[in-house]
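So the structure is just underneath, and the comments pick up after that.
Worth saying up front: this structure is predicted, and the values here are computed from it rather than measured.
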Amino acid sequence: MKQPIVAIMYDFDKTLSTTDMQNYGFIPLLGLTPQEFWGETGKFSEKTGCERILSYMYMMIKKSKEKGIKLTRELLRDCGKNIKYHPGVTTWFQRVNEYGTSKGVKVEHYLVSSGTKEILEGCSIYDKFTQVYGCEFLYENNEPVWPKLAINYTQKTQFFFRIAKGAVDIKNDDAVNEKVKGSLRIPYENIVYIGDGMTDVACMTLVNKNGGYSIGVYTDSNREQVGQIRKDKRCRFVVKADYSQDKDMEKVLKMIIDDVYNRNILLVKEEALANKNDE
């Protein structure tokens, strides 16, 4: 039997970080408040009919030009250095990995965000992920001229299938659509999705329907909303956004790893019994 793999898919804004990633460094650089920037983005989207994710990418370019700021990849990466995380996040990955190893389970972490990938590239936990997906700009002369990749909330669902199949190259559409020959690299029931609210419901629902695990995280500001998502059976677990040792989030993930481990042991025993009966 192959070593079982648990894949954890994460949203980023307000799931791992305390607020939207642009709020920490980029928006202050414009001399704006988050309320002003996101308010103008919403008005632009309403007026033009432009999809909201594309709207914020457009406004990042527009406002930078208005302020005389050269919006380079390097500048955005620097903005990622200011990101603040929920408690325990910076040590979370090592702890979960080590627990998985102790159970003979490999744990892989995947970030799937509608935020700005260039900002994510500068954050302190970027190298903890097997793969990072986010909205990207296309650059000419080191300045953004067009969206290279935009990921809205429902488009996130494709990455569930990409991760399961091992088709992680975003440029390879054939691999994610082809029928799998044999078994999936990561069974659907070994996939976890962690998010903080309504924008994660599509992914949570998909994971649930395929036997995986969805976790809604809350803070004092969104506890009621996340609780309602759980009542509506759109996520399987609700825990506080605290990734510290021995807190509920860690307990839930250990329980999931244990479940995967026990299922794998059962499969090994079933296979051994089948082989014995075939002799």
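Within a 6.0 Å radius of CG in D232, more than 12 heavy atoms belonging to other residues, nucleotides or ligands are found. No more than 12 heavy atoms of other residues, nucleotides or ligands lie within 6.0 Å of OH in Y261, so this atom counts as exposed by the packing criterion. The number of heavy atoms from other shown groups lying within 6.0 Å of NZ (K247) does not exceed 12. Open room surrounds NZ on K128; 12 or fewer heavy atoms of other groups in view lie less than 6.0 Å from it. Crowding of E51 atom CD: a count of heavy atoms from other residues, nucleotides or ligands under 6.0 Å exceeding 12. Crowding of D220 atom CG: a count of heavy atoms from other residues, nucleotides or ligands under 6.0 Å not exceeding 12.
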- Message: Set out, in order, the CA-CA distance, both residues' side-chain angles and the distance that settles ring pair (Phe, Tyr, Trp, His ring centres under 6.0 Å) for Y110 and F159, then state yes or no.
- Response: CA-CA 9 Å; Y110 295 84; F159 297 101; 9.8 Å; no
- Item | Full working for side chain to side chain donor-acceptor pair (under 3.5 Å) between Q94 and E98 | CA-CA 6 Å; Q94 182 177 346; E98 288 176 352; 2.9 Å; yes
- Message: Before you tell me yes or no, could you show the steps for D246 and S244 under side chain to side chain donor-acceptor pair (under 3.5 Å), namely the whole-Å CA-CA distance, both residues' side-chain angles and the distance that decides it to 0.1 Å?
- Response: CA-CA 6 Å; D246 296 328; S244 303; over 6 Å; no
- Might you work through the side chain to side chain contact (heavy atoms under 4.5 Å, CB included) test for C235 and I215, ending with a clear yes or no? CA-CA 6 Å; C235 69; I215 303 174; over 6 Å; no
- Task: Apply the test side chain to side chain contact (heavy atoms under 4.5 Å, CB included) to residues Y213 and V252: give CA-CA distance (whole Å), side-chain angles for both, the deciding distance (0.1 Å), then the verdict.
- Result: CA-CA 10 Å; Y213 308 84; V252 169; over 6 Å; no
- Message: Quick one, K240 with D248, criterion side chain to side chain contact (heavy atoms under 4.5 Å, CB included). Give me CA distance, side-chain angles, the key distance, then yes/no.
- Response: CA-CA 7 Å; K240 189 173 183 179; D248 286 344; 6.0 Å; no
- Message: One pair to check against salt bridge (charged side-chain N to carboxylate O under 4.0 Å, His left out): K62 and E40. What are the steps and the verdict?
- Response: CA-CA 11 Å; K62 181 176 184 291; E40 289 195 46; 5.6 Å; no
- Message: Could you go through L253 and I8, starting from their C-alpha distance and side-chain angles, then the distance that decides it, and tell me whether this counts as side chain to side chain contact (heavy atoms under 4.5 Å, CB included)?
- Response: CA-CA 9 Å; L253 250 298; I8 308 176; 3.5 Å; yes
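Atom CD1 of residue I257 and atom CG of residue N262 lie 12.0 Å apart, to the nearest 0.5 angstrom. Atoms CD and CD1, from E189 and I191 in turn, are 9.0 Å apart once rounded to the nearest 0.5 Å. I194 CD1 to M249 CE: the interatomic distance, rounded to the nearest 0.5 Å, is 4.5 Å. Taken to the nearest 0.5 Å, the OG1 atom of T18 stands 6.5 Å off from the NE2 atom of H86. Put simply, CG on L32 and CD1 on I27 are 7.5 Å apart, with the number rounded to the nearest 0.5 Å. In this structure, CG in L29 is found 13.0 Å from CD in Q22, a value given to the nearest 0.5 Å.
In terms of heavy atoms, D11 sits closest to K156 at OD1-NZ, 2.9 Å. Taking each heavy atom of D196 and T15 in turn, the nearest pair found is OD1-OG1, 2.9 Å. The two residues I163 and A7 have their closest heavy-atom pair at CG2-CB, 3.7 Å. For the residue pair R234 and N208, the shortest heavy atom distance occurs at O-ND2, 2.8 Å. For the residue pair Y153 and T199, the shortest heavy atom distance occurs at CB-O, 3.4 Å. Between I83 and C123, the shortest heavy-atom contact is CD1-CB, 4.0 Å.
In this structure the side chain of L149 never reaches within 4.5 angstrom of the side chain of K117, judged on heavy atoms. Residues F160 and N210 meet the side-chain proximity criterion, which asks for heavy atoms closer than 4.5 Å. Counting heavy atoms from C-beta on, the side chains of N142 and E74 come closer than 4.5 Å. The shortest side-chain heavy-atom distance between K2 and S183 falls under the 4.5 Å cut-off. The shortest side-chain heavy-atom distance between N152 and R52 does not fall under the 4.5 Å cut-off.
Both F93 and M255 are members of a single hydrophobic cluster when ILVMFWY side chains are connected at heavy-atom separations under 4.5 Å. By the criterion of side-chain heavy atoms lying less than 4.5 angstrom apart, applied directly or through intervening Ile, Leu, Val, Met, Phe, Trp or Tyr residues, V107 is grouped together with F129 in one hydrophobic cluster.
Y133 contributes no side-chain N or O that, together with a main-chain N or O of I151, makes up a donor-acceptor pair within less than 3.5 Å. With hydrogens and angles disregarded, no donor-acceptor distance shorter than 3.5 Å links the side chain of R95 to the backbone of E250. Distance alone, capped at 3.5 Å, is enough to place a donor-acceptor pair between the R230 side chain and the R236 backbone. A distance-only check finds no donor-acceptor pair linking the side chain of S45 to the backbone of G42 [under 3.5 Å]. Without hydrogens or angle criteria, E36 side chain to T33 main chain gives a donor-acceptor distance under 3.5 Å. Checking side-chain atoms of D200 against main-chain N and O of G197 turns up a donor-acceptor pair under 3.5 Å. Between the side chain of R162 and the backbone N or O of A167, at least one donor-acceptor pair lies under 3.5 Å. For D169 (side chain) and K171 (main-chain N/O), a donor-acceptor pair under 3.5 Å exists by modelled atom type. In this structure, the side chain of Y24 engages the main chain of T19 through a donor-acceptor pair within 3.5 Å. In terms of modelled atom types and a separation under 3.5 Å, the side chain of R263 and the main chain of N190 share no donor-acceptor contact.
Salt bridge E66/K63: present, at least one basic N to carboxylate O contact under 4.0 Å.
Among the candidates W92, Y243, Y10, the single residue satisfying the ring pair (Phe, Tyr, Trp, His ring centres under 6.0 Å) test with H109 is Y10.
Residues F37 and Y56 place their aromatic rings such that the two centres sit no closer than 6.0 Å.
Ring geometry for F161 against Y188 counts as perpendicular: the plane angle is over 60°, on a 0 to 90° scale with 30° as the lower cut. Note on ring orientation: taking the six-membered ring where Trp is involved, the planes of F12 and Y85 are perpendicular (angle over 60°, cut-offs 30° and 60°).
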